Amino acid sequence: MKLTELFAKGTFVFTGEVGPVKGCCRTNGGPPPDFVREAVAIKDYVHAVNVADNQSALMRLGSLAASVLLKQAGVEPIFQLTCRDRNRIALQSDLMSACTLGIDNVLCLTGDHIRLGDHASAKPVFDVDSVQLLKIARGLNEGRDMMGNPLTQPTDLALGAVVNPGFEPLDLQLIKMEKKVAQGAQFFQTQAVFDPIIFESFIKKAERFGVPVMYGLLIVKSPEMAHYINRNISGITVPTWLVRELESVPPEGRKDKALEITLRLAREMAPMVQGIHFMPLGWSDLIPPVVQELRGKGVPGAGGGAG
Amino acid sequence: MIGTIKKPLEEVLAALAPYRKVALVGCDGCAKVCRTGGVDEVAEMARTLEEHGKEVVFQAAPERTCNVAKSDPVLQPLTDKIEEADALLVLGCGGAVQITRHLTETYGLIKPIKVGCNSVGHLDTLVPGAVALEECSDCGECLLNDTGGICPVTRCAKSLLNGPCGGAEAGKCEVDHTRDCAWILIYERLKALGETDKLKRFLEPKDFSKMAKPRTLYIKEGRVAS
Ligand code: SF4
Ligand code: SF4
């Protein structure tokens with residue numbers, strides 16, 4: 001189901017995220033790969049699950065194949081599509097392939113630079129940017145390719161985009177967000193942000209675009225992971241208070257602590273947004289209690305059934 | 001200019017291994033600026049080659065080796081010497097090497113032309129003798145009128161045309177934290193000019209046919225074909 005239909009009904013939307021493995025996933029009747037099992041385990045609690053596209057430029061199973069595996073397992077995938085590895089012909093072709101294979105949601109991204117991944121000598125493509133990709137995808141939904149040639153059948157994809165509320169200068173990020181809306185973005189998932197004040201000032205400015213925004217909630221598992229993110233993952237800053245809280249408990253208590261922090265952030269941010277996008281980094285089992293709690297607390301729309 | 005760096009000496013010597021008599025052609029234009037192939041570097045290479053048992057039949061450094069108008073008048077009178085050489089070593093960009101090859105062919109000579117440098121881009125000298133920066137990738141359709149005179153095609157690691165990716169931190173690019181994010185530079189510059197409205201304009205995907213290789217410039221007509 002397209003997330004846009006859920007937003008239109010006023011549903012508070014929850015999404016998760018999985019990363020495909022480095023390897024072929026032909027199961028020959030055996031058990032599904034771990035990332036599929038991880039998605040299936042939360043499927044009653046989230047409406048859809050993002051499938052990363054060679055995340056951090058680390059070469060993996062394709063996000064389209066992985067999205068199809070999720071769909072077959074009864075989980076609604078959000079197919080992430082980056083401009084890093086595909087020129088405009090491949091992007092359009094993959095969008096049509098996705099729709100053909102039953103994908104309903106696509107997240108249009110620029111993609112992390114190749115320099116940050118495990119194939120640093122590859123040729124970066126970046127033929128188009130994420131704003132242009134949205135326009136291209138909208139054109140395909142309207143039945144024409146980017147050169148204006150008619151399609152035998154249009155695509156029918158809900159078009160998502162990302163925005164970073166922690167970006168400075170924020171105005172520059174908002175200009176880009178506005179361009180994304182103008183070119184076809186129908187919903188946003190935000191980059192991870194942990195400061196309600198920063199998030200609120202972003203939301204106040206972004207509200208005028210009239211497009212649903214999902215708060216990006218990254219589950220930080222340990223102080224070491226926080227340091228790693230701050231050192232290596234661009235665009236995300238884990239604040240000192242969060243690191244201190246994780247440090248205040250012994251390693252075996254970290255998961256409970258992470259749940260407590262996640263719950264607190266979810267409660268604080270939920271009233272400002274139309275959904276929450278969890279980035280659980282493998283701790284997907286923390287998603288159900290958070291979703292249950294929000295639904296129990298009557299977050300607007302959060303009581304609706306998922307799936 | 002075209003930036004160049006020196007190839008490791010072992011690589012140069014390996015390329016010249018089959019030859020004893022070597023002619024040296026530098027470039028007193030860009031390669032001089034990069035200190036890889038000006039008159040001084042050519043002389044230095046001549047000494048090095050002699051130390052390694054080569055005979056240097058001549059050394060020359062035309063003012064702009066990539067331009068036949070400058071290199072032909074220098075090399076043509078040396079035709080006999082070129083003929084005597086077993087190979088030529090060019091200390092210049094890939095263009096200097098190929099123009100040298102082209103000229104020797106027009107002199108009716110088939111000589112191995114070897115290269116002593118790696119070409120590293122169309123660069124602008126920021127600090128003489130120290131730093132040159134890649135600021136333009138010759139896209140064939142210049143956008144600088146709308147981007148505050150800062151090129152997003154080249155200075156943004158992802159060549160984004162419609163604003164920054166989400167990865168910049170403290171004004172620095174996600175790909176290299178020692179480098180400014182081009183889009184933040186563009187934003188600051190347009191703000192200073194009172195032209196931030198320009199940022200709101202959607203830019204269409206670039207027409208890469210204008211960058212299709214190899215391009216030929218017809219100078220009289222002011223026309224490019226590829
Ligand atoms: S837009 Fe950039 S790459 Fe294109 S011609 Fe201008 S400076 Fe060069
Ligand atoms: S951080 Fe800035 S310069 Fe670097 S890739 Fe992103 S937008 Fe381009």
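Chain naming here is simple, since letters A, B, ... match the order of the sequence lines and numbering starts at 1 in each. All figures in this text were calculated on a predicted structure; none of them were measured in a lab.
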- Quick check: does any side chain N or O of A/Q132 sit under 3.5 Å from a backbone N or O of B/L203, one acting as donor and the other as acceptor? yes
- B/K111, NZ atom: more than 12 neighbouring heavy atoms under 6.0 Å: yes
- Message: Whether the side chain of B/E169 engages the backbone of A/G235 through a donor-acceptor N/O pair (distance < 3.5 Å, no angle test) should be reported.
- Response: yes
- Task: Measure across B/G166 and A/N164 and return the closest heavy-atom pair with its distance rounded to 0.1 Å.
- Result: O-ND2, 2.9 Å
- Message: Please classify the contact of A/N87 with chain B as side chain, backbone, both or neither, using a heavy-atom distance under 4.5 Å.
- Response: neither
- In a check of side-chain contact (heavy atoms from CB on, under 4.5 Å) between A/L172 and each of B/I184, B/T196, B/L190, B/I186, which one passes? B/I184
- Is it the case that more than 12 heavy atoms not belonging to B/K70 sit under 6.0 Å from its NZ atom? no
- Message: Give me the atom names and distance for the closest heavy-atom approach of B/G167 to A/S234.
- Response: O-CB, 3.2 Å
- Please determine, among A/I236, A/V163, A/I136, the option with the most heavy-atom pairs under 4.5 Å with chain B. A/I236
- OG (A/S130) and CG (B/L160) are apart, to the nearest 0.5 Å, by 7.0 Å
- Can you measure from SG (B/C165) to CD (A/Q191) and round to the nearest 0.5 angstrom? 10.5 Å
- Ionic contact status for A/K135 with B/E204, cut-off 4.0 Å: yes
- Check whether any side-chain heavy atom of A/R88 lies under 4.5 Å from a side-chain heavy atom of B/F208, and answer yes or no. yes
- Over 12 foreign heavy atoms within 6.0 Å of CZ, A/R138: yes
- Task: Measure the spacing between SG of B/C181 and CD of A/E168 and express it to the nearest 0.5 Å.
- Result: 12.5 Å
- Query: In this structure, are over 12 heavy atoms from other groups packed under 6.0 Å from B/R179 atom CZ?
  - Reply: yes
- Please say whether more than 12 non-hydrogen atoms of neighbouring residues, nucleotides or ligands are located less than 6.0 Å from CG in B/L217. yes
- Item | A/D129 (side chain) donor-acceptor with B/N162 (main chain) under 3.5 angstrom | yes
- Query: Under a 4.5 Å heavy-atom cut-off, does chain B meet the side chain of A/I233, its backbone, both or neither?
  - Reply: backbone
- Main-chain N/O of B/K200 paired with A/K179 side-chain donor or acceptor, under 3.5 Å: no
- CD1 (A/I89) with more than 12 external heavy atoms under 6.0 Å: no
- Query: Within a reach of under 6.0 Å around CZ of B/R35, are more than 12 heavy atoms found that belong to other residues, nucleotides or ligands?
  - Reply: no
- Output yes when a side-chain donor or acceptor of B/K158 lies under 3.5 Å from a complementary backbone atom of A/P124, and no otherwise. no
- chain B contact via A/V131 - which portion, at a heavy-atom distance below 4.5 Å: both
- Can you check side-chain contact (heavy atoms from CB on, under 4.5 Å) on A/D171 and B/Y187, steps first, answer last? CA-CA 10 Å; A/D171 279 347; B/Y187 173 76; 3.6 Å; yes
- Closest non-hydrogen atom pair, A/I175 against B/L199: CG2-O, 3.6 Å
